[in-house]
Amino acid sequence: MQRSEQERLRIESLAQMRELGIDPYPAAEFKATYKAADLTEGFEEGLQVVLAGRLMTRRIMGKASFASLQDSTGTFQLYINRDEICESEDKVLYNTVFKKLLDRGDFIGVEGETFLTKTGEPSLRVRKLTVLSKAIRPLPSPKTDDDGVVHDAFTDPELRYRMRYVDLVVNPEVRKTFEARSRVIQAMRDTFSEKGWLEVDTPVLQAIPGGAAARPFITHHNALDSQLYLRIANELYLKRLIVGGFEGVYEFSRNFRNEGMDRTHNPEFTIMELYVAYKDYRWMMTEMEQLLANVCQAVHGETRAELAGTTINFAPPYARVTMRDAILEYAKVDIDGLDEDGLRAACKNLGMEIDDSMGKGKLIDELFGEHCERHYVQPTFITDYPIEMSPLCKAHRDNPRYTERFELFIAGTEVANAYSELNDPIDQRERFEAQVALMERGDDEAMFVDQDFLRALEYGMPPTSGVGIGVDRLVMMLTGQTSIQEVLLFPQMRPEIFES
RNA sequence: GACCCCCUAGCUCAGCUGGUUAGAGCAUCUCACUUUUAAUGAGAGGGUCGAGGGUUCGAGUCCCUCGGGGGUCACCA
């Protein structure tokens, strides 16, 4: 393996440490008494503290040095004086270990007391220094000048995504994004658990990939000698649990779809699905408004978030627009009363690319996607989807051509999808049969029939409303990111080839 | 899958219509320095220019193939 000059020197330092009787990778627990942020907030002088973290910058001035120590909460300045850490005549710890053998990126533990430097910087006067772990590779070294401008930042997306561990160490805003992601998920979980709903786990390996229309990843179980799929959705399993008598169930579901990748699609992604018995989609809209306001509050301390130069306002209520009105407004087409041929003519009229495999539902969806979607920047519920495009959703109580469905759009992107769930087993069977017809017509995304799910519905499912929230996309909206890769710790990449 | 762009030191980047020994800043190494904070001053080392082939007297630069990444589009109801 080819090593750079810097790596070779660090490996040499490692050996020298061992010769001095210092274990560069000690096994013992190291008990830090504070975190960097604890010391910075409400700074107190003369406090005895023990800190642990990575040595990040060093400014050596002969017999005294300044350094910064970075832990999970931030950085804190260290002041290291030769004669204070080496009280006897033996100055090896300072002159050799600290100045020569330690490098940027090494983990150390320090003990001492807090004080203010003459320039007023909160600092730790180090009395004792312990090597906790030696780093062999040099970290990138971004620097921030007086004007807050970052120089030499570690920015190459390929390197950042492949080596997220390095990205997280040197780019503090990256760590903040993932802390925000965790708060989003925690806020949802807290809200649901307070309402008494049950968090459940349902199969990732499924014999029939149901609940959505997408190409699945296929795998094989040896002992059963059967083909299995990684789930594209968990919807049908959560509904089975509602049949079983749970009245509120939810799951943060990692789904897998064997489709293209772009800035809003990764082959594996997370959808939070929630089903609540005796509710309808109107109730769910109100519930979602409150949930997202809470989540935004948890992340930002207010119900607004900045995204690509616009302020997104998450405070309820959100606009509610029917799909018919949306298409009427932006495409000037009234889908009400148009049959498939009429729709096809209208699409052609607008210069859209369409083909014969597209049914009525798909044509309407194209109209909406092409002309309307991008206009909904502030959170907006698009409601009452045509029945042809929603095979798991109950027909609208006032008009059977539509369904009791909404999608929530933010910044022109679909963030949530909800129904008054179809619980009529006869109707559901017919809808599945219509999907089979679409599949035979050439639609390779039509849904599979799940006989066991139909059997479950035949045992009776209470009226239920369900929702799926695209967690990754919601995190994007809340953290101002425009690429899904920035909200996934390890986005999908082509496998890296290593020389052995 | 299609098109466009990118790949040069540990990091961020220069490198013109092809020209002699491939540069800078930071990082690294040596020396100096007991309150610095993009520390400072003096000196030094570090490169298979993504890989392979071709054109040429001569290729980081031009051409071809391959690999990786980014963007746009398609696909993803």
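The shown structure was predicted, so the numbers you read here are calculated from the model rather than taken from an experiment. Here is how names work: the chains are called A, B, and so on, in the same order as the sequence lines, proteins then strands, and each is numbered from 1. Quick note: numbers below take in every heavy atom, side chains included, and nothing from hydrogens, waters or symmetry partners.
The separation between A/Met56 atom CE and B/A38 atom C1' is 14 Å, rounded to whole Å. Whole-Å rounding puts the A/Asp156 CG to B/C7 C1' distance at 8 Å. For the pair A/Met261 CE and B/G71 P, the computed distance is 10 Å after rounding to whole Å. When the P atom of B/G68 is taken as reference, atom CZ of A/Arg162 falls 8 Å away, rounded to whole Å. Computed from coordinates, the A/Leu139 CG to B/U28 C1' distance equals 13 Å when rounded to whole Å. When the P atom of B/U12 is taken as reference, atom CG of A/Asp152 falls 9 Å away, rounded to whole Å. The nearest whole Å value for the distance from the CG atom in A/Asn258 to the P atom in B/G1 is 12 Å. Atom CG of A/Leu124 and atom P of B/U36 are 18 Å apart (whole Å).
Listed nucleotides: B/G10, B/G68, B/U12. Nearest to the side chain of A/Ser141: B/G10. The A/Lys143 side chain lies nearest to B/C26 when the options are B/C26, B/U12, B/G10. The A/Asp262 side chain lies nearest to B/A74 when the options are B/U36, B/G69, B/A74.
When the P atom is compared between B/G54 and B/A59, the two are found 12 Å apart, to the nearest whole Å. B/A14 and B/C33 are spaced 34 Å apart, taking the C1' atom of each and rounding to whole Å. Nucleotides B/C7 and B/C16 have their P atoms positioned 12 Å apart, rounded to a whole Å. Comparing B/G47 with B/A24, their C1' atoms are spaced 14 Å from each other, to the whole Å. B/C49 and B/U8 have their P atoms separated by 11 Å, given to the nearest Å. Using atom P as the reference point in both B/A42 and B/C6, the two lie 38 Å apart (nearest Å). If you take atom P in B/U48 and the same atom in B/U35, they sit 41 Å apart, rounded to whole Å. One P atom belongs to B/A2, the other to B/A27, and the distance between them is 45 Å to the nearest Å.
With hydrogens and angles left out, the side-chain atoms of A/Thr202 and A/Glu251 include a donor and acceptor closer than 3.5 Å. Checking A/Glu407 against A/Tyr385 by side-chain atom types alone, a donor-acceptor pair falls below 3.5 Å. Donor-acceptor pairing under 3.5 Å is lacking for the side chains of A/Asn95 and A/Arg82.
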Annotated protein contacts, base or backbone, on nucleotides 29-35 of chain B with a non-hydrogen cut-off under 4.0 Å, one of B, S, - each: SSS-BBB
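Listed in residue order, the members of residues 42-49 of chain A having a heavy atom less than 4.0 Å from RNA chain B come to none.
Applying the 4.0 Å criterion to OP1 and OP2 of B/G67, one finds that A/Arg494 has every side-chain N and O outside that range. Of the side-chain N and O atoms in A/Arg137, none sit less than 4.0 angstrom from OP1 or OP2 of B/G10. Phosphate proximity of B/U36 to A/Arg59: absent, as no side-chain N or O sits under 4.0 Å from OP1 or OP2.
For A/Arg231 (side chain) and A/Gly211 (main-chain N/O), no donor-acceptor pair under 3.5 Å exists by modelled atom type. Looking at A/Gln435, its side chain never comes within 3.5 Å of a backbone N or O of A/Pro391 through a donor-acceptor pair.
The two residues A/Leu338 and A/Ala346 come nearest to each other via the heavy atoms CD1-CB, 4.5 Å. Considering all non-hydrogen atoms of both residues, A/Pro122 and A/Gln77 come closest at O-CB, 3.8 Å.
With a 6.0 Å cutoff to the six-membered ring centre and a 45° limit on the axis angle, A/Arg215 does not count as a cation-pi contact of A/Tyr229. Judged by the 6.0 Å and 45° rule, A/Arg125 forms a cation-pi pair with A/Phe115.
Looking at which nucleotide of RNA chain B each of A/Ser483 and A/Ala153 is closest to, the 5′-most match is held by A/Ala153. Residue order along RNA chain B, read from the 5' end via each residue's closest nucleotide, puts A/Pro142 first among A/Pro142 and A/Asn417.
By the 30° and 60° cut-offs, the orientation of the rings of A/Tyr376 relative to A/Phe409 is tilted.
Across all strands shown, A/Gly260 has heavy atoms under 4.0 Å from base atoms, whether or not it also approaches the sugar-phosphate. A/Glu407 comes within 4.0 angstrom of no nucleic acid atom, judged by non-hydrogen atoms across all strands. Using a 4.0 Å heavy-atom distance criterion, A/Thr264 is classed as making no nucleic acid contact. Residue contacts for A/Tyr419: at a heavy-atom cut-off of 4.0 Å it reaches a base atom on one of the strands shown.
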For a side-chain contact (heavy atoms from CB on, under 4.5 Å) check, start with the C-alpha distance between A/Arg473 and A/Thr264, then their side-chain angles and the critical distance, and finish with the verdict. CA-CA 7 Å; A/Arg473 290 184 184 175; A/Thr264 55; 4.0 Å; yes
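One N or O donor and one acceptor, one from the side chain of A/Gln77 and one from the base of B/U36, sit under 3.5 Å apart.
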Please, what dot-bracket string fits RNA chain B when only Watson-Crick and G-U pairs with both distances under 3.5 Å count, crossing ones use [ ] and pairs to another strand use |? (((((((..((((.....[...)))).(((((.......))))).....(((((..]....))))))))))))....
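With a 4.5 Å cut-off on side-chain heavy atoms, A/Leu488 and A/Arg181 count as touching.
Shown here is A/Glu87, whose CD atom has no more than 12 heavy atoms of other residues, nucleotides or ligands within 6.0 Å.
Here the two rings, on A/Tyr79 and A/Phe66, have centers that are under 6.0 Å apart.
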